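Written out below as structure tokens is the structure these notes cover.
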Amino acid sequence: MSDTLLLILNILGTLYIVYFVGVIVLGAFRKWRGFAPAAPQKRIAAVIAARNEAGVIGEAVRTLLAQNYPRELFDVWVIPNNCTDDTEDVAAAAGARVLRCTEPVHCKGDVLRFTFKHLLNMDYDAFCIFDADNLVDPGFFQAANDALCAGVRIGQGFRDSKNSRESWVAGGMSVFYWFMSRFFNRGRAALGMSAILNGTGVLLSADLIREMGWNTCTLTEDLELTAQCGLHSEKIAYLENAVTYDEQPVGFWVSFEQRRRWFRGSIQCTCRYGPKLLWRAIRRRSLQALDLAVFFLGNIMQFVCLVPGAVSAVKAVRFVAQLGGPEVVALLAVAVALIYVAVICAAAALVCRFTGKQARQEMPGVLGFWLIALTWFPANLSALIVPPRWRAIPHTSRATLADVTPGRRGKGRAASEEIN
């Protein structure tokens, strides 16, 4: 490979990294206001797609029915699909309204399409999408109401964890979602940019669904909907006080397979929407479309950066070997590995600090996050070579709202408070 081509690839990779790091750093320390408190007035439907979730669905429904929001202004809907257990009965016994999915289901997006087809003709102002393993903070619907009254039509809440201390894997994945909420989405909101949807704790106005329809077909309906919002110039708000506690995988290989599926769906979105977003950014001068085009470009950029990175590493090893021999190369490799682990662990501790977590209490996840980060690229690469097959992720945590980390419980900060 020529030096010129290596230089071009290095420049592209550097520009990409500088862009995202710059947005994160600028947004992290910029003051940001949430939404002013508003009197409860919006009718909300909570929607949970559930497949063989009898072990956790009851607690999810109970946390939703215990919202600090007028009971006459919301309903909780559970949509069982392809169930072979008593998910439907458990959900109904907990107090949910049940809508059994009668259409073929290949992914969560299919369930939501069926759901909206049946619920959009009811008197709801908005829908909140959750997973069956979630615990929902009692202030969620009020935070959603505040955002809706401020004119928001789609938003992403804070994705917390209900089992971060169950294993180092669960802890490491929790750190990732804390980073996405506090630094990625909140930082974007502080800079006036659009947030990225990440699966659960999503607010959708009924009017927006009627206008855009529900037309997702990839493995990652959240990223697909994010891209569609970019094409419709619909900014995704960040809802700091709408908190959902999600269950993270406990075992490493379950987490690895989950990330493979995410990447496969993300690649589908990149191929389907990346060129359209870039064209819209050029034609309409849309900064939101450009930002999302760059975001989806990340799926390609990590492979673009791989080649010059590998070549540079080989050259560095050869150079050091010529100067000091194999022993120096080995020592240098150990030093680099130790620096990598130290930097990643320090970054994980910083994420805990900024999200109100106690790093000492989250130590397994903090210390294990380096391995989660290190295996992200192999998971992505393997998803291109061997497409992942859908497999149910077992949800076994019996945690309740009383058990979760107390730092973000209750109503949180006032929605109108200026947050540093």
Side-chain angles (χ1 to χ4, degrees), residues 43-141 144 157 159-163 199-204 206 209 214 221-222 242-249 390-404:
R43 280 188 48 78
I44 298 171
V47 173
I48 305 176
R51 178 176 182 177
N52 292 337
E53 300 283 11
V56 292
I57 189 64
E59 193 61 30
V61 171
R62 282 186 282 273
T63 63
L64 285 165
L65 291 175
Q67 289 287 298
N68 296 331
Y69 198 70
R71 182 62 187 85
E72 66 274 12
L73 290 180
F74 72 90
D75 292 313
V76 179
W77 288 89
V78 172
I79 299 83
N81 61 94
N82 296 325
C83 289
T84 57
D85 66 1
D86 57 347
T87 294
E88 182 175 338
D89 294 335
V90 173
R97 302 179 69 175
V98 175
L99 176 64
R100 187 185 303 127
C101 186
T102 57
E103 296 181 358
V105 172
H106 301 95
C107 59
K108 182 179 175 182
D110 294 339
V111 182
L112 294 175
R113 183 184 303 109
F114 170 85
T115 301
F116 294 136
K117 184 167 66 176
H118 286 77
L119 299 188
L120 268 177
N121 60 351
M122 297 186 180
D123 187 25
Y124 294 120
D125 296 301
F127 300 88
C128 292
I129 302 173
F130 302 100
D131 289 335
D133 58 294
N134 291 165
L135 303 174
V136 184
D137 189 89
F140 193 103
F141 285 172
R159 187 166 178 174
D160 210 325
S161 175
K162 73 176 187 180
N163 66 327
T200 191
V202 173
L203 168 67
L204 283 169
I209 301 175
W214 186 271
E221 80 290 333
D222 50 351
V243 184
T244 302
Y245 298 90
D246 190 47
E247 181 175 344
Q248 301 304 326
W390 188 90
R391 295 176 183 173
I393 296 178
H395 295 136
T396 59
S397 175
R398 296 297 183 267
T400 66
L401 276 178
D403 301 322
V404 297

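The figures that follow rest on heavy atoms only: side chains count, while hydrogens, waters and symmetry mates do not. Note that the structure is predicted; figures quoted are calculated from it, not measured.
V98 is not listed as a side-chain neighbour of D89, based on a closest heavy-atom distance of 4.5 Å or more. In this structure the side chain of V47 reaches within 4.5 angstrom of the side chain of L112, judged on heavy atoms. No side-chain heavy atom of V136 sits less than 4.5 Å from a side-chain heavy atom of Y245.
Of the candidates T63, V243, L401, L401 is the only one forming a side chain to side chain contact (heavy atoms under 4.5 Å, CB included) with P138.
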T87 vs R51, side chain to side chain contact (heavy atoms under 4.5 Å, CB included): CA-CA, chis, key distance, verdict: CA-CA 7 Å; T87 294; R51 178 176 182 177; over 6 Å; no

Stepwise ring-ring contact (aromatic ring centres under 6.0 Å, His included) test for F130 and F140: CA-CA 11 Å; F130 302 100; F140 193 103; 4.9 Å; yes

Audit row: I79, R100, side chain to side chain contact (heavy atoms under 4.5 Å, CB included) steps and yes/no: CA-CA 5 Å; I79 299 83; R100 187 185 303 127; over 6 Å; no

CA sep, side-chain torsions, deciding dist, call: I129, T200, side chain to side chain contact (heavy atoms under 4.5 Å, CB included): CA-CA 6 Å; I129 302 173; T200 191; 5.9 Å; no

Candidate pair D160 and V404, rule side chain to side chain contact (heavy atoms under 4.5 Å, CB included), full reasoning: CA-CA 9 Å; D160 210 325; V404 297; over 6 Å; no

Steps toward salt bridge (charged side-chain N to carboxylate O under 4.0 Å, His left out) verdict (D131, K108): CA-CA 10 Å; D131 289 335; K108 182 179 175 182; 2.8 Å; yes

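With no hydrogens or angles considered, a side-chain donor-acceptor pair links T84 and N52 at under 3.5 Å. Side-chain N/O atoms of N134 and T244 include no donor and acceptor closer than 3.5 Å. Using modelled atom types, one finds a donor on one side chain and an acceptor on the other under 3.5 Å when comparing D75 with Y124.
Nearest approach of L120 to A206, heavy atoms of both residues: CD2-O, 3.9 Å. Nearest heavy atoms, H118 versus N121: O-OD1, 2.8 Å. Here the closest heavy-atom approach between residue E88 and residue P80 is recorded as CB-CG, 4.0 Å. Between F74 and L64 the shortest heavy-atom distance is CE1-O, 3.4 Å. Residues C128 and A144 share a closest heavy-atom pair of SG-CB, 4.3 Å. Of all heavy-atom pairs between A399 and L135, the closest is O-CD1, 3.5 Å.
Distance SG/C101 to CZ/R113: 10.0 Å, rounded to 0.5 Å. Distance check, rounded to the nearest 0.5 Å: CG of L99 to CG of L119 gives 6.0 Å. Between the CG atom in D86 and the CD atom in E53 there is a gap of 12.0 Å [rounded to 0.5 Å].
A donor-acceptor pair is defined here as one N or O able to donate and one able to accept, closer than 3.5 Å; such a pair exists between the side chain of E247 and the backbone of S397. At least one donor-acceptor pair under 3.5 Å links the side chain of Q67 to the backbone N or O of F141. Counting only distance, with no hydrogens or angles, the side chain of W214 and the backbone of K117 share no donor-acceptor pair below 3.5 Å. With D110 contributing its side chain and V105 its backbone, the two residues share no donor-acceptor pair below 3.5 Å. In this structure, K162 contributes its side chain and D133 its backbone to a donor-acceptor pair below 3.5 Å.
Taking 4.0 Å as the cut-off between side-chain N and carboxylate O, R398 and D403 do not count as a salt-bridged pair. Salt bridge status for R43 with E72: absent, with no side-chain N to carboxylate O gap under 4.0 Å.
Between F127 and F116, the ring planes are perpendicular. Angles over 60° get that label, and only those under 30° would be called parallel.
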